[in-house]
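Data block below; observations after.
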Amino acid sequence: MRRSLLARTVAGLVLSFQGLARAGQETPAPEASETPLPEFVLPTVEVIGRDDPSAPVDSAQRRDPTGAITVIDARERAGEARDTAELLGGSASLVVQDSGGYGQSKSLVVRGASSNGVLVFLDGIPLNGAGGVADLSLIPVALLERMEILRGAAGARYGAGGLGGAVNLVTRAPSSRLLSSGEVTYGSFDTVMAHVAASGALLDGQALVLLHGGRSQGDFSYRVDELPALDDNPLTQEVRTRNDARGGGALLKYRHGLDGGGRVDVLAELSLEDRALAGTVQNPTASRRQDQTRLSLGARWARPFGDTGEGSARGFFRRDWLDVTGGTTGVDSGAQHYTVGGVEVEGRAVLGPNALAVTLAGSSESVTQAVGGQAASWWRASVMAMDELSLFSERVKLVPSLRVERVGHYSLLSPKLGASVDLGRGFGVRANAGQSHRAPSFLELYIRQGLMLPNPELKPERALSVDAAALWHGDTWSVTAGGFAAVYENLIAYELYPPNLAKPYNFAAARVWGAELEVEARPRAWLTATSSYAWTRTQNRYGDPRYFGKELPYRPRHKWVGRLRVGPDWLNGRTEVLVQSAQLINRVGEARLSLPSRTWVSVGASSTFLHKPDLTVSFDVKNLLDARTADYTGMPLPGRAAYVTFAVALDPSASEDSHVASLP
């Protein structure tokens with residue numbers, strides 16, 4: 001009965017929305033001054049150092065013109081990726097830290113910086129929680145249009161927390177045309193995912209509604225050596241438990257054009273998830289579960305001022321409800337509520353060779369914990385100024401920026417200097433140097449979590465980083481090759497606090513350096529090939545001789561991803577190969593305590609076999625070679641898995657447009 005009621009509710013919502021959209025299309029045509037908003041498609045690898053006036057003012061390219069930026073078009077991967085982390089894992093110097101299959105926690109390590117040193121946004125709304133880490137498993141691919149990735153110091157443009165970089169997840173845009181679509185996927189481990197979406201004209205604007213849901217048992221089999229100290233010990237077959245997850249949510253967006261070329265965008269997003277928590281290999285759990293709900297609200301106004309200026313204002317609010325149950329008495333975290341809200345105002349003006357940008361931002365954060373009535377809150381306020389100086393007919397650009405920030409009782413200064421040179425014939429170079437900070441999280445400062453104590457005396461972490469790259473962009477090829485280095489100071493790490501507790505301290509330091517290569521080729525409309533490689537070296541600089549000079553754990557030295565897509569829409573095939581070297585799991589650097597290297601091969605095929613409506617069927621096999629490895633807690637990760645996806649897309653106006661175009 002529940003499923004029947006849910007299905008009828010979803011169908012009724014989509015049909016009623018189509019009726020509203022059709023009614024909106026019957027309104028009088030807009031005046032000539034109401035220029036329709038352009039639609040654009042970004043490439044997979046964005047060329048940096050070239051100013052694109054058509055890019056949105058809040059895009060990564062406009063916010064950091066010389067940064068090491070990659071843009072991934074999620075629409076090109078429709079129907080084949082199970083989650084957002086799968087798409088991001090193909091980028092250079094991004095390593096996904098996962099703790100299981102579908103719906104289990106997934107976070108990012110960028111250029112050696114910990115997950116709590118990487119900022120993640122949803123349409124500009126910060127997603128990093130009370131612990132400083134953003135969980136990518138809560139963002140389904142169905143919501144996304146593209147992903148903007150900035151590697152390197154992000155403090156000047158994005159604020160405290162961006163030691164290793166920043167990722168902005170841009171949700172799907174509404175359309176003035178009546179569009180509706182749906183997709184359902186079924187596959188291994190009893191995994192089911194589905195979404196429906198509708199978009200069209202509404203109340204003199206454009207609106208989008210999207211509903212999504214999914215579940216997975218995650219009960220895959222694996223083999224384990226119960227007596228590793230003995231040679232030739234037979235392996236035992238077991239089944240992974242505590243790996244099930246289910247969830248769903250909704251996305252609502254509305255866009256309204258204003259006189260003078262301005263625009264207002266409004267977003268509401270709801271996410272709900274319930275998942276089992278397996279614990280670690282050493283301390284597995286029997287009944288521990290996590291329920292998490294997120295509500296995000298955002299609104300943005302933007303408009304140009306003449307030919308040389310533009311301004312924008314953004315407001316956002318996010319509330320997380322997190323409840324962990326089923327743990328050992330005295331260790332349960334209890335229900336936790338995290339709230340953040342703020343405003344940001346930005347202005348940009350072109351004054352001769354200078355393009356000046358100033359941003360004022362303020363926000364409030366608070367967290368409450370049921371256990372012990374713990375609570376904490378603080379304010380954030382910042383001022384950012386950036387100058388984009390163009391020289392020699394805009395072939396050379398110097399981009400200094402500075403953010404002064406107050407986070408709670410911490411005062412932070414984040415400067416950055418970027419430069420790019422257009423050498424002609426598609427060649428160019430860029431370089432950046434900057435400083436970023438991460439203020440300690442609420443959990444590290446104030447909230448006790450089971451056996452982990454807080455420490456209100458912590459200092460902010462700091463990163464000094466530089467990078468440089470050469471790039472070439474042709475009509476069908478683009479190549480970017482460069483290197484980076486960073487020094488991390490005052491890193492926060494937990495140490496034993498007698499008798500059996502742990503407490504965070506500022507005592508760690510590290511160095512990171514490496515090289516990156518990204519290549520994209522589109523020689524034909526039916527052929528696309530991309531490749532990325534990252535070589536990363538890390539070194540622990542903490543004075544303890546047990547750790548000094550050792551590599552940091554969970555930082556693979558080599559990572560290569562290659563992807564090939566061949567064929568037209570009516571029938572195409574694809575393959576992706578990810579090769580990742582072994583990674584240590586402790587600071588001592590013992591090779592026997594490491595996760596082995598992994599090679600994951602995925603293949604798939606899709607066919608849009610019917611049009612008007614468009615019907616597409618896709619078949620994917622993940623981890624074709626059935627490579628077995630473990631997550632960062634030591635729990636096994638899924639082996640080979642297969643999925644089939646059916647998608648439908650309806651665009652009634654397409655037939656009308658073709659009919660009108662055929663008239664004399």
Side-chain angles (χ1 to χ4, degrees), residues 55-67 119-128 148 150 153-163 165-168 170 258 260-267 296-306 308-318 339-351 354-366 377-389 398-418 432 434-439 460:
V57 65
D58 62 338
S59 68
Q61 180 186 5
R62 298 287 295 275
R63 290 177 69 90
D64 198 334
T66 63
L119 293 173
V120 180
F121 302 89
L122 182 72
D123 282 348
I125 300 174
L127 294 182
N128 296 68
E148 302 171 337
L150 170 66
R157 284 306 269 142
Y158 292 92
L163 299 184
V167 177
N168 187 28
V170 182
L258 303 174
R263 192 175 83 188
V264 173
D265 291 274
V266 180
L267 171 145
S296 302
L297 304 173
R300 183 176 181 273
W301 165 89
R303 63 156 295 174
F305 292 97
T308 60
E310 52 195 354
S312 66
R314 180 198 306 273
F316 66 89
F317 171 85
R318 193 183 102 235
T339 306
V340 58
V343 295
E344 179 184 274
V345 179
E346 182 166 342
R348 187 174 186 268
V350 178
L351 304 174
N354 300 82
L356 302 175
V358 177
T359 302
L360 305 177
S363 63
S364 174
E365 294 178 76
S366 66
S377 63
W378 64 22
W379 284 86
R380 290 174 177 249
S382 65
V383 179
M384 191 285 306
M386 182 181 78
D387 180 20
E388 187 177 341
L389 175 62
L398 298 177
V399 187
S401 56
L402 174 66
R403 180 181 290 266
V404 180
E405 193 166 11
R406 181 74 174 180
V407 181
H409 58 274
Y410 303 110
S411 296
L412 310 176
L413 186 68
S414 299
K416 183 175 180 178
L417 176 62
N432 299 275
Q435 173 178 273
S436 294
H437 299 270
R438 183 186 79 87

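It should be emphasised that the depicted structure is a prediction, and the values quoted were computed from it without experimental measurement.
- Ring geometry for Trp378 versus Tyr410: interplanar angle over 60°, hence perpendicular rather than tilted (30 to 60°).
- Taking 4.0 Å as the cut-off between side-chain N and carboxylate O, Asp123 and Arg300 do not count as a salt-bridged pair.
- Taking both residues in full, the closest heavy atoms of Trp301 and Val264 are given as CD1-CG2, 3.9 Å, listed atom of the first, atom of the second, then distance.
- Here the side chain of Arg403 pairs a donor or acceptor atom with the backbone of Arg157 at under 3.5 angstrom.
- A side-chain N or O of Thr359 and one of Glu346 form a donor-acceptor pair less than 3.5 Å apart.
- The line from CZ of Arg406 to OG of Ser382 is 13.0 Å long, rounded to the nearest 0.5 Å.
- In terms of modelled atom types and a separation under 3.5 Å, the side chain of Arg318 and the main chain of Ile125 share no donor-acceptor contact.
- Here the CG-CG distance, from Leu122 to Asn168, works out to 8.0 Å after rounding to the nearest 0.5 Å.
- A distance of 11.5 Å separates CG in Leu412 from CZ in Arg438, rounded to the nearest 0.5 Å.
- The closest donor-acceptor contact from the side chain of Asp387 to the backbone of Asn354 lies at 3.5 Å or more, if one exists at all.
- One distance of note links CZ of Arg348 with OG of Ser312; it measures 11.0 Å at 0.5 Å rounding.
- Across every non-hydrogen atom of Gly67 and Leu150, the tightest pair is CA-CD1, 4.0 Å.
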Between Arg63 and Met384, does a side chain to side chain contact (heavy atoms under 4.5 Å, CB included) hold up when you go through it step by step? CA-CA 11 Å; Arg63 290 177 69 90; Met384 191 285 306; over 6 Å; no
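- With hydrogens and angles ignored, the 3.5 Å screen pairs a side-chain donor or acceptor of Gln435 with a backbone N or O of Leu413.
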Apply side chain to side chain contact (heavy atoms under 4.5 Å, CB included) to the pair Phe316 and Ser363, showing each step before the final yes or no. CA-CA 9 Å; Phe316 66 89; Ser363 63; 4.3 Å; yes
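- We find the OG1-CD distance between Thr66 and Glu388 to be 8.5 Å, quoted to the nearest 0.5 Å.
- Between the side chain of Ser401 and the backbone N or O of Met386, no donor-acceptor pair lies under 3.5 Å.
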Could you walk me through whether Asn128 and Leu119 satisfy the side chain to side chain contact (heavy atoms under 4.5 Å, CB included) test, starting with their C-alpha distance in whole Å, then the side-chain angles of each, then the deciding distance to 0.1 Å, before giving a yes or no? CA-CA 7 Å; Asn128 296 68; Leu119 293 173; 4.2 Å; yes
